[in-house]
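One structure is given below, encoded as structure tokens.
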Amino acid sequence: MELAIQEYAKRLKLSWIRQHYHDVQAASNEEYLLRLLELEVQQREERRVNLLLSQAALPKIPSIPFKWDEIEYNQGLTKDYLLQSQFIKNQENLIFYGGVGTGKTFLSTLIGLNAIQKYGNQVRFYTVAGLVNRLLDANEKGTLSRFFKQLEKLDLLILDELGYIPLHKQGAELLFQVISMCYERKSLIITTNLRFGEWNHVFGDPILTEAVIDRLIHHSHLVVFKGPSNRMKESLLQS
Ligand SMILES: Nc1ncnc2c1ncn2[C@@H]1O[C@H](COP(=O)(O)OP(=O)(O)O)[C@@H](O)[C@H]1O
Ligand SMILES: [Mg+2]
């Protein structure tokens, strides 16, 4: 009987039940079955979350709580809206603007982590430089369309540190393709130390820059990272 149970559980891919059905105690047949199914489902969910976490490549999160009073956002945005994946459900983007060390990477990681653990979203974190290198590499190897298919499965793409290094023409164009692909279909978080008027330095071409900004600011929320003393908001829209 033991062998048959093992075999059926294997065929049905009930791996938790296969290994642990001996350990479950219950007062009735019904309760026993319920417990088994519950624990199998629970274990599958844990496995899925772990897989999503490893695919997301999130940076390590600081062990301190995030200070929400150091950021500013527009009406219609709340802490819960960000942490409860509401912006992802509505396919909206977030632009995180602020100086170095003001918490942009921290908050984007925290949001990504919540999206995975509480909502089972598919998330991927890249620095802009890291993604552009990956795109250039895939382009060279002829695997770009495969890479795009991978990106298409995501619910949330986090692009950290736009603006730290200028992009070459091809890199800028490939990044634009990714942003266009996400347009109205997925959510992006982009962190940057540059105001929109300066994005031309990154993309190197005013028409491309305008197209990028145009795609991004539709359905976007701006979050300004003031830091303990910085005041960044006033400067964002200046050129
Ligand atoms: N709002 C905040 N609340 C708590 N800690 C913060 C906050 N902003 C920054 N920090 C601290 O500063 C560190 C650097 O933040 P980080 O997210 O890397 O900044 P940025 O990406 O904007 O350069 C964090 O690891 C954290 O320790
Ligand atoms: Mg950062």
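For ligands, and for the atoms within them, numbers begin at 1 and follow the listed sequence. What you see below is based on every heavy atom in this structure, not just the backbone, and it leaves out hydrogens, waters and symmetry mates.
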Using non-hydrogen atoms of the residue, decide whether [X] is closer than 4.0 angstrom to ligand 1.
| X | value |
| --- | --- |
| P65 | yes |
| G99 | yes |
| F66 | yes |

Give me the residue, atom name and distance of the protein heavy atom closest to [atom].
| atom | result |
| --- | --- |
| atom 25 (O) of ligand 1 | P62 CG, 3.2 Å |
| atom 19 (O) of ligand 1 | G103 N, 3.1 Å |
| atom 1 (N) of ligand 1 | K67 O, 3.1 Å |
| atom 22 (O) of ligand 1 | K104 NZ, 2.8 Å |
| atom 18 (O) of ligand 1 | T105 CB, 4.0 Å |

Worksheet item: Is the number of heavy atoms from other residues, nucleotides or ligands under 6.0 Å of Y8 OH greater than 12?
Response: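 Counting other residues, nucleotides and ligands, OH of Y8 stays at 12 neighbours or fewer.
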
Discussion item. Within 45 degrees of the ring normal and closer than 6.0 Å to the centroid, is that where the cationic atom of K169 sits relative to F203?
Written reply: no

Discussion item. Could you check whether R134 makes a cation-pi contact with Y126, meaning its NZ or CZ is under 6.0 Å from the centre of the six-membered ring and within 45° of the ring axis?
Written reply: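 The answer is no, since R134 fails at least one limit relative to Y126.
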
Worksheet entry | Verify atom 4 (C) of ligand 1: protein non-hydrogen atom under 4.0 angstrom away |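 Yes, at least one protein heavy atom sits under 4.0 Å from atom 4 (C) of ligand 1.
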
Fill in: atom 9 (C) of ligand 1 touched by protein heavy atom at under 4.0 Å
yes

Worksheet item: Should the pair E31-R35 be classified as a salt bridge under the 4.0 Å nitrogen-to-oxygen rule?
Response: no

For [X] and ligand 1, does the shortest N/O to N/O distance drop below 3.5 Å?
| X | result |
| --- | --- |
| F106 | yes |
| G101 | yes |
| Y164 | no |

Worksheet item: For E7 and K10, what are the C-alpha separation, side-chain angles and deciding distance, and is it a salt bridge (Lys or Arg N to Asp or Glu O under 4.0 Å)?
Response: CA-CA 5 Å; E7 183 54 32; K10 192 173 169 185; 5.4 Å; no

Worksheet item: Below 6.0 angstrom between ring centroids: does that apply to F66 and F106?
Response: yes

Worksheet item: Are F96 and F225 an aromatic pair by the rule of ring centers under 6.0 Å?
Response: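 Centroid separation for F96 and F225: below 6.0 Å.
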
Looking only at the side chains, is there a donor atom on one of [X] and [Y] sitting less than 3.5 Å from an acceptor on the other?
| X | Y | value |
| --- | --- | --- |
| R47 | S15 | yes |
| Y81 | E92 | yes |
| E184 | H218 | no |

Discussion item. Suppose I only count heavy atoms of T102 and a 4.0 Å limit; which atoms of ligand 1 are within that range?
Written reply: 8 (N), 9 (C), 19 (O), 20 (P), 22 (O)

Discussion item. Within ligand 1, which atoms have a heavy atom of V100 less than 4.0 Å away?
Written reply: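 By the 4.0 Å cutoff, the relevant atoms are 23 (O).
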
Fill in: Test item: S85 side-chain N/O and I88 main-chain N/O as donor-acceptor pair under 3.5 Å
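Pair absent, no side-chain N/O of S85 close to backbone of I88.
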
Worksheet item: For ligand 1, does I64 get within less than 4.0 Å through its side chain, its backbone, both, or neither, judged by non-hydrogen atoms?
Response: side chain

Worksheet item: With backbone taken as N, CA, C and O and side chain as the heavy atoms from C-beta onward, which portion of E70 lies under 4.0 Å from ligand 1: side chain, backbone, both, or neither?
Response: side chain

Worksheet item: Can an N, O or S atom be found in T191 less than 2.8 Å away from the Mg ion (ligand 2)?
Response: no

